[in-house]
S.K.: 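One structure, pasted below without further comment.
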Number of protein chains: 2
Amino acid sequence: MSDELLRSLDQAGVRLTGPRREIAALIAKRNGHFTAADLIADASKRRLGVGRATIFRLLDLLAEQGLVERVDLPDGRHAYVPCEPSHHHHLVCVACGAIAEVEDCGIDAVTAEASRRSGFTIESHRLELFGRCPNCRSAN
Amino acid sequence: MSDELLRSLDQAGVRLTGPRREIAALIAKRNGHFTAADLIADASKRRLGVGRATIFRLLDLLAEQGLVERVDLPDGRHAYVPCEPSHHHHLVCVACGAIAEVEDCGIDAVTAEASRRSGFTIESHRLELFGRCPNCRSAN
DNA sequence: CACACAATGAGACCAAGTATCAATACCCCG
DNA sequence: CGGGGTATTGATACTTGGTCTCATTGTGTG
């Protein structure tokens, strides 16, 4: 569950405090994406005494470790997705919020082509795919 | 200059008001990306009496027409880019903010592959490329 | 097991954007 | 060309997502 998050944090040299364990558990319990507001609501619902700031701070830490990533939904909202630290992209189900990760599959060719045409040196990119997961597709 | 923006708005059936003309001129005068705050600052610097809300409203309208697009910079900030209404992606220079547009160049293969692997139906995607434009690359 | 220092929570603050509403200004129609 | 319905406007309050500060607390190292 949340063990993996905690283990990675530990390895990164950050302290494993009570609030962090609790927030990690909340994240692990969710599936698919969530917003910071979701976590804040979860935390206050359970009367964990963790502050807003602590939640944002942990999200930053997790993002630095690549254990969580920020995605910008098509409607402009921000969400976070728990994920593997390796480079990859996300497929987001617009109906239920489920997430799939896809390894790099041909994007390099695209960036190389764009670089050739424009003369830019490309340093990084962001690719997000939005659609419907198998469940939501058949359910509708 | 700003004529093209105004013409497109006219065709979309929106009224061509004074404030809209002024904001369109401000947008046309910038090159590369800009934030809403930039426009608001421009407007107040010149003592045009246009309100914050009007600027956001015009940006929304322009975005609907595809004349402007919102990009999320790697540092998390939001910017707007003036652009062609056809489907395309942006290359953003992280040094000077210059923008290049690239037509679809192989992305479809990537989305098809991702779809095949994940079982998702892909409805839309967002691709942003960050790097250095030819000027900034040589200047450094 | 003490102590330095990282981490916390509370709350003020900030930036970006939205909602409300009375006043204004387009522009269509005659 | 002038009137008037209606889209648009500016001011301002509000919301949401996130950061800063700072006095207090908790961790884990030595």
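In the text below, chain A, chain B and the rest are named by the order of the sequence lines, each starting its count at 1. If you're wondering where the values come from, they're calculated on a predicted model, not measured in any experiment.
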S.K.: Could you give the CG-to-C1' distance, from Leu9(B) to dC27(C), as a whole number of Å?
M.R.: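 Between C1' of dC27(C) and CG of Leu9(B): 16 Å.
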S.K.: Please state how far atom CZ in Arg77(B) lies from atom P in dC14(C), giving the value in whole angstrom units.
M.R.: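 For the pair Arg77(B) CZ and dC14(C) P, the rounded distance is 18 Å.
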S.K.: Any ion pair linking Asp72(A) and Arg126(A) (charged N to carboxylate O, less than 4.0 Å)?
M.R.: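 Salt bridge present between Arg126(A) and Asp72(A).
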S.K.: Rounding to an integer number of Å, can you tell me how far Arg21(B) CZ sits from dA25(C) P?
M.R.: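 Whole-Å distance recorded here is 14 Å.
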S.K.: Any chance the side chains of Thr35(B) and Asp38(B) put a donor and an acceptor closer than 3.5 Å?
M.R.: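 There is such a pair between these side chains.
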S.K.: Do the ring planes of His87(A) and His125(A) sit parallel (below 30°), tilted (30 to 60°) or perpendicular (above 60°)?
M.R.: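 Judged by the thresholds at 30° and 60°, the geometry between His87(A) and His125(A) is perpendicular.
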S.K.: Which comes earlier along DNA chain C counting from the 5' end, the contact point of Thr35(B) or that of Pro19(B), where each point is its nearest nucleotide?
M.R.: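 Whichever sits nearer the 5' end wins; that is Thr35(B).
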S.K.: Please check if the number of heavy atoms outside Arg77(A) that lie under 6.0 Å from its CZ is greater than 12.
M.R.: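 Counting other residues, nucleotides and ligands, CZ of Arg77(A) stays at 12 neighbours or fewer.
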S.K.: Tell me the bend of the helix from dC1(C)-dG30(D) to dG30(C)-dC1(D) as the angle between end helix axes, each from five pairs, rounded to the nearest 10 degrees.
M.R.: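 For the helix from dC1(C)-dG30(D) to dG30(C)-dC1(D), the axes at opposite ends meet at about 30°.
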S.K.: Please give, in whole Å, the distance from dA11(D) P to Leu48(B) CG?
M.R.: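 For the pair Leu48(B) CG and dA11(D) P, the rounded distance is 12 Å.
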S.K.: Write down the distance between CG (Asp38(B)) and C1' (dA15(C)), rounded to a whole number of angstrom.
M.R.: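 After rounding, the reported distance stands at 13 Å.
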S.K.: Of the listed nucleotides (dG17(C), dA7(C), dA16(C)), which one gets closest to any side-chain atom of Ala36(B)?
M.R.: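 Of dG17(C), dA7(C), dA16(C), dG17(C) is nearest to the side chain of Ala36(B).
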S.K.: Quick check on contacts: within residues 56-76 of chain A, what sits under 4.0 Å from DNA chain D by heavy-atom distance?
M.R.: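 The answer is Phe56(A), Arg57(A), Asp60(A), Arg70(A).
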S.K.: Quiz question: going by heavy-atom distance under 3.5 Å, is there a donor-acceptor pair between the base of dG17(C) and the side chain of Arg52(B)?
M.R.: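 Donor-acceptor pair under 3.5 Å: yes.
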S.K.: Answer yes when Asp42(B) and Arg30(B) have at least one side-chain N-carboxylate O distance shorter than 4.0 Å, and no when they do not.
M.R.: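 Result for this pair is yes, salt bridge flagged.
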S.K.: Do the side chains of Glu113(B) and Arg116(B) get close enough for a salt bridge, i.e. N-O under 4.0 angstrom?
M.R.: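 So Glu113(B) pairs with Arg116(B) through a salt bridge.
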S.K.: Using 0.5 Å steps for rounding, measure from the SG atom of Cys93(B) to the NE2 atom of His33(B).
M.R.: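 That separation rounds to 8.5 Å.
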S.K.: For nucleotides 4-6 of chain D, which of its nitrogen or oxygen atoms have a protein nitrogen or oxygen under 3.5 Å away, and what is each distance?
M.R.:
unit_1	atom_1	unit_2	atom_2	d
dT6(D)	O2	Arg15(B)	NH1	3.3

S.K.: So how far is it from Leu5(A) CG to Leu9(A) CG, rounded to the nearest 0.5 Å?
M.R.: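 With rounding to 0.5 Å, CG (Leu5(A)) is 6.5 Å from CG (Leu9(A)).
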S.K.: Between dG18(D), dT8(C), dA16(C), which nucleotide has the shortest distance from any of its atoms to the side chain of His78(B)?
M.R.: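 Looking only at side-chain atoms, His78(B) lies closest to dA16(C).
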S.K.: For Leu16(A) and dT29(D), give me the distance from atom CG to atom P, rounded to whole Å.
M.R.: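 So the CG-P distance, Leu16(A) to dT29(D), works out to 11 Å.
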S.K.: Given that Gly18(B) and Val14(A) both sit by DNA chain C, which one's nearest nucleotide is further toward the 5' end?
M.R.: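 The residue whose closest nucleotide sits nearer the 5' end is Val14(A).
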S.K.: Please report, rounded to the nearest Å, how far the P atom of dG17(D) is from the NE2 atom of His33(A).
M.R.: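 One finds 13 Å between P of dG17(D) and NE2 of His33(A), rounded.
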S.K.: Tell me, yes or no, whether the heavy-atom count around Arg46(A) atom CZ, taken from other residues, nucleotides or ligands under 6.0 Å, exceeds 12.
M.R.: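 No.
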S.K.: Rounded to the nearest 0.5 Å, what separation is found between the CG atom of Leu67(A) and the CZ atom of Arg7(A)?
M.R.: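 Reported value, rounded in 0.5 Å steps: 10.5 Å.
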S.K.: Where the side chain of Arg20(A) is concerned, which of dC20(D), dA7(C), dG18(D) is the nearest nucleotide?
M.R.: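 So the side chain of Arg20(A) is nearest to dA7(C).
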S.K.: Taking Ser8(A) for its side chain and Glu4(A) for its backbone only, find out whether a donor-acceptor pair lies under 3.5 Å.
M.R.: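 Such a contact is found between Ser8(A) side chain and Glu4(A) backbone.
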S.K.: Which nucleotide, dC20(D), dG10(D), dG28(D), lies nearest any side-chain atom of Ala53(A)?
M.R.: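 Minimum distance to the Ala53(A) side chain belongs to dC20(D).
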S.K.: What is the distance, rounded to the nearest whole Å, between atom CD1 of Ile55(A) and atom P of dT19(D)?
M.R.: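 After rounding, the reported distance stands at 13 Å.
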S.K.: Rounded to the nearest 0.5 Å, how far apart are CZ of Arg21(A) and CG of Leu16(A)?
M.R.: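 One finds 4.5 Å between CZ of Arg21(A) and CG of Leu16(A).
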S.K.: Does a nitrogen or oxygen in the side chain of Tyr80(A) sit under 4.0 Å from OP1 or OP2 of dG18(D)?
M.R.: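 Checking Tyr80(A) against dG18(D): at least one side-chain N or O falls below 4.0 Å of OP1 or OP2.
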S.K.: Check whether any side-chain N or O of Thr17(B) sits under 4.0 Å from OP1 or OP2 of dT9(D), and answer yes or no.
M.R.: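 Answer yes for this pair, as a side-chain N or O of Thr17(B) is under 4.0 Å from OP1 or OP2.
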